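Note that these values count all heavy atoms, side chains included, but never hydrogens, waters or copies made by symmetry. To find a chain, count down the sequence lines: A is the first, B the second, and so on, and within it residues start at 1. Note that the coordinates shown come from a computational prediction; the quantities given were computed from them, not determined experimentally.
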Amino acid sequence: MGPDIAPGPAVPWRKVLWERQPFPDNYVDERFLEELRRNEGIRQYRYWAVVKEAVLVGQQLSCVAIFITLWLYMEQGLLSPEALLWTSLIVGLLGYGLHNALRPQLGSDRKPRTHLADLQSAAIFLSFTFGFSPVLKTLTESVSTDTVYAMSALMLLAHLVSFPYAHPSPTGSLSLNAALFASVCLASRLPGALHTFAMLSCALLMFALWPCLLQSIRDHAPGPSAWLCVGVCLGGVGGLGSRWPGGAVLLALALVSVILLCPLLLVKLQRHKDNIQGPWDEAEIHEDLCKVPY
Amino acid sequence: MGQRRKKADVSASSEKRASEADTAASNPTASNPTASNPNRKHSICMVSDFFYPNMGGVESHIYQLSQCLIEKGHKVVIATHAYGRRKGVRYLTNGLKVYYLPLQVMYNQSTATTCFHSLPLLRCVFVREAVTVVHAHSSFSAMAHDALFHAKTMGLNTVFTDHSLFGFADMSSVLTNKLLTVSLCDTDHIVCVSYTSKENTVLRATLDPQIVSVIPNAVDPTDFTPDPSQRRGGRITVVVISRLVYRKGIDLLGGIIPELCLKHPDLHFLIGGEGPKRIVLEEVREKYQLHDRVRLLGALEHRDVRGVLVQGHIFLNTSLTEAFCMAIVEGASCGLQVVSTRVGGIPEVLPEDLISLCDPTVRSLCAGLEAVITQLRSGAVPSPADIHARVRSLYTWRNVAGRTEKVYDRVAGEEVLPLDRRLLRLRQHCGSVAGSIFAFVAVLNFLFLLLLQWLVPDQVMDRAVDASGPRALWGPSQRDHPAEEAGAGAPTAE
């Protein structure tokens with residue numbers, strides 16, 4: 001610093017404070033910042049692997065579209081509630097069979113859930129929904145239709161935002177509740193009590209049970225499950241297209257951007273990542289401190 | 001601070017320098033402000049939100065440094081915000097003048113910042129006291145950043161001392177680091193308390209490392225002397241003194257206590273400090289029935305710390321981050337074996353044979369503690385008096401003041417950028433968006449200053465009577481024998 005820089009110090013500089021060294025206080029050694037580490041432990045993304053994960057987001061978006069399509073058909077009287085109920089029953093039984101077939105490979109240490117318990121839950125849900133459908137039908141009669149639609153749209157959006165895409169089974173409570181709230185709102189605008197019942201059973205199938213089945217298929221066969229998701233996406237676009245072509249175009253655009261463009265952005269932007277770490281970082285506690293010794 | 005050849009003759013020369021300063025201070029004619037550069041006396045204003053009666057590392061740093069600078073013949077005033085009913089001007093030991101300015105406190109004793117509202121008051125202080133160097137402390141203090149900004153508008157030289165480490169990962173650090181970049185963009189010199197802290201600050205504020213000096217903190221060795229007679233025989237006591245917060249690694253401590261207490265029946269823990277993580281320690285104590293072996297002392301006054309330290313054999317520090325750990329120096333100064341985590345600037349603070357460094361995990365800390373316990377049992381450790389003798393000369397406030405003085409000497413000769421070049425520098429250094437915004441703010445600040453100068457010109461402002469420095473009118477009898485131990489004793493509330 002200024003006039004008192006020692007002439008050619010022979011001793012090497014050390015990064016210690018307790019020793020008085022023959023260097024000025026603002027001395028910068030060549031070892032300055034040598035402990036700086038950049039982008040440590042960073043994940044390398046491959047485009048198609050990211051696309052495969054993103055397809056899951058797309059299929060959930062399509063699920064919502066399919067649900068809205070079904071509701072449009074019901075509202076316009078193009079689909080009878082009986083037909084929907086029978087289809088739901090058959091699809092539900094098929095799905096249940098598939099789920100059971102995949103189950104033994106998953107959790108072997110846990111006690112498996114019995115079929116009786118499954119039957120009991122199904123019976124409770126169906127009977128309560130059936131018993132309350134006249135009530136649900138008239139629930140929003142005093143509310144204007146615009147409000148009901150706005151609320152449903154908001155709730156379906158909340159469902160999509162809060163859906164636990166990383167681990168869809170069990171469905172997150174917020175996303176499931178939002179979806180069911182939206183279904184109740186929409187179902188209450190249908191012409192009859194049986195319509196309401198059919199719509200709600202369909203909603204349970206779609207928002208509560210389908211994510212669980214999809215998760216077990218994914219665990220079991222990751223390849224085909226991606227194609228299954230693509231199928232759901234195409235089904236969503238096609239179904240919506242039959243009643244509302246403009247909506248189908250919008251959905252297709254949203255799907256393309258979510259499934260293809262966003263992963264591309266993620267992968268392309270990786271090279272701009274500049275994460276710096278060094279000795280000044282706060283240490284993290286990795287151990288499980290609740291684990292008691294002895 | 002150059003010319004330091006070997007450790008041995010350094011302490012001698014620093015002693016000599018200190019005594020020279022003493023004679024200079026006692027002889028007013030020797031300290032002539034018109035003398036050549038090295039003997040130049042500065043008029044320094046320390047600015048920080050943190051000062052007594054608030055207690056902590058920054059507060060005592062400012063106080064002790066100011067005392068030693070006064071001893072060297074400089075004029076020092078301190079500006080901070082009002083604490084409760086304590087506002088206005090107060091005088092501390094040796095004519096250290098403190099301005100408690102009526103600024104609104106927002107959060108954690110830090111004032112709100114609008115970049116403008118503090119200008120009238122701070123201008124008053126700077127002009128009345130004829131300040132030549134503004135020295136701001138702590139990056140948490142909004143008032144310090146305001147002062148740096150206003151000082152540059154007023155054409156004064158600035159120094160900033162950073163006392164803390166920041167990460168780069170989360171949103172809040174990204175924001176504060178950007179603000180620091182703006183704030184330090186035209187600061188003349190920055191002081192950090194350890195080399196790790198310097199690396200951190202250089203990266204955070206994108207600075208030229210040449211304008212960053214490393215000047216460690218210090219402890220007063222006379223406050224922390226060993227007294228082995230206070231130790232209880234037949235047991236080994238581990239002392240922990242820290243705030244009980246997450247950053248101090250109290251969760252790790254909660255893992256260590258049961259593990260070691262079960263292995264060593266004669267091990268006792270003495271824990272001083274208070275904080276939200278106290279509940280963790282209380283749970284551990286309850287769960288393992290260790291009420292007789294783990295004592296929680298609660299918040300400690302600074303003067304009681306030594307009384308607790310001398311009761312222990314081992315000083316344990318479990319911090320997860322630390323710029324410069326004063327506590328371990330205090331512990332070693334009291335003759336304790338120090339065990340600490342290897343984080344931040346801690347490895348730089350004590351020589352390897354006085355400290356056991358461990359990774360910040362329960363397992364590593366337990367292993368480190370057990371190694372020291374084994375050494376203690378076999379008597380293979382240096383005596384407390386030996387440890388104290390080695391530590392006492394490592395960090396002294398006189399040394400800190402001497403090195404800080406050099407920073408002032410260097411800064412005083414530097415040119416303060418005129419407004420146009422300042423704006424250019426802001427835009428070049430801080431990115432186009434933030435740079436433009438703050439360039440605009442700098443222009444507004446300049447216009448505000450012009451308005452204030454038009455309302456009350458500098459020439460008609462009263463000059464304050466100096467209480468310290470070359471023209472001090474503060475009790476000459478006191479200045480004939482400057483404090484034997486500069487900075488000894490906390491300031492008394494008048």
Side-chain angles (χ1 to χ4, degrees), chain A residues 1-43 266 269-294, chain B residues 1-7 10-11 38 165-169 189 191 194-200 202-203 209-216 247 249 251-252 254-255 258-259 262 287 319-321 323-324 341 343-345 347-351 359-363 394-395 403 406-407 409-410:
Chain A
M1 187 170 286
D4 56 357
I5 292 175
V11 283
W13 176 83
R14 294 169 65 195
K15 194 180 174 181
V16 292
L17 297 166
W18 48 270
E19 192 181 56
R20 313 242 160 124
Q21 303 184 61
F23 295 98
D25 283 330
N26 63 340
Y27 175 74
V28 183
D29 197 73
E30 62 223 22
R31 282 164 57 211
F32 184 68
L33 287 180
E34 72 169 356
E35 283 172 276
L36 176 73
R37 290 161 288 134
R38 284 180 186 276
N39 293 340
E40 199 177 56
I42 213 147
R43 266 177 73 180
L266 179 75
L269 291 177
Q270 283 302 306
R271 63 196 173 87
H272 295 294
K273 198 156 192 162
D274 186 16
N275 214 338
I276 49 181
Q277 284 127 341
W280 50 79
D281 283 328
E282 193 172 297
E284 287 169 25
I285 303 178
H286 293 295
E287 294 154 294
D288 184 10
L289 293 169
C290 304
K291 199 185 71 204
V292 291
Y294 316 109
Chain B
M1 178 156 274
Q3 284 177 339
R4 274 179 258 116
R5 285 164 211 94
K6 263 185 265 132
K7 216 180 122 201
V10 168
S11 54
L165 297 178
F166 267 84
F168 296 91
H189 210 90
V191 177
S194 62
Y195 292 106
T196 304
S197 168
K198 171 172 173 174
E199 293 178 344
N200 185 241
V202 165
L203 287 173
Q210 294 287 345
I211 63 156
V212 184
S213 285
V214 176
I215 301 178
R247 283 160 72 94
D251 301 84
L252 290 175
E259 185 130 1
L262 286 168
K287 191 167 177 182
S319 290
L320 302 179
T321 176
F324 176 98
T341 44
V343 294
E348 303 167 27
V349 174
L350 287 175
D359 294 328
T361 60
V362 171
R363 180 178 303 170
L394 291 185
Y395 302 106
R403 293 159 79 169
K406 285 205 165 62
V407 171
D409 287 342
R410 177 189 155 132

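Both the backbone and the side chain of B:L320 come within less than 4.5 Å of a heavy atom of chain A. For B:V214, the parts lying under 4.5 angstrom from a heavy atom of chain A are both the backbone and the side chain. With a threshold of 4.5 angstrom between heavy atoms, B:F166 approaches chain A through N, CA, C or O but not through any side-chain atom. The part of B:L350 that comes within reach of chain A is its backbone (N, CA, C, O), which places non-hydrogen atoms under 4.5 angstrom from that chain. If you measure heavy-atom distances from A:N275 to chain B, you find no contacts under 4.5 Å at all.
Heavy atoms from other residues, nucleotides or ligands lying under 6.0 Å from CZ of A:R31 number more than 12.
To the nearest 0.5 angstrom, A:W280 atom CH2 is 5.5 Å from B:F168 atom CZ. Summarising the geometry, atom OH belonging to A:Y27 is positioned 10.0 Å from atom CD belonging to B:Q210; distances are rounded to the nearest 0.5 Å. B:T196 OG1 to A:L33 CG: the interatomic distance, rounded to the nearest 0.5 Å, is 10.5 Å. Taking CZ of B:R410 as the reference point, atom CG of A:D25 lies at 10.5 Å (rounded to 0.5 Å). Within the model, atoms NZ of A:K15 and NZ of B:K198 stand 11.0 Å from one another, a figure rounded to the nearest 0.5 Å. Taken from CG in B:L394 to CD in A:E19, the straight-line distance is 10.5 Å, to the nearest 0.5 Å.
Heavy-atom pairs under 4.5 Å with chain A peak, among B:V191, B:V202, B:L203, B:T341, at B:L203. Per-residue heavy-atom pair counts under 4.5 Å with chain A were compared for B:P347, B:P351, B:P209, B:P360, and the maximum is reached by B:P351.
Of all non-hydrogen atoms in B:V343 and A:A283, the two that sit nearest each other are CG1-CB, 4.0 Å.
At least one side-chain heavy atom of A:P279 sits less than 4.5 Å from a side-chain heavy atom of B:E199.
For A:N26 (side chain) and B:I211 (main-chain N/O), no donor-acceptor pair under 3.5 Å exists by modelled atom type.
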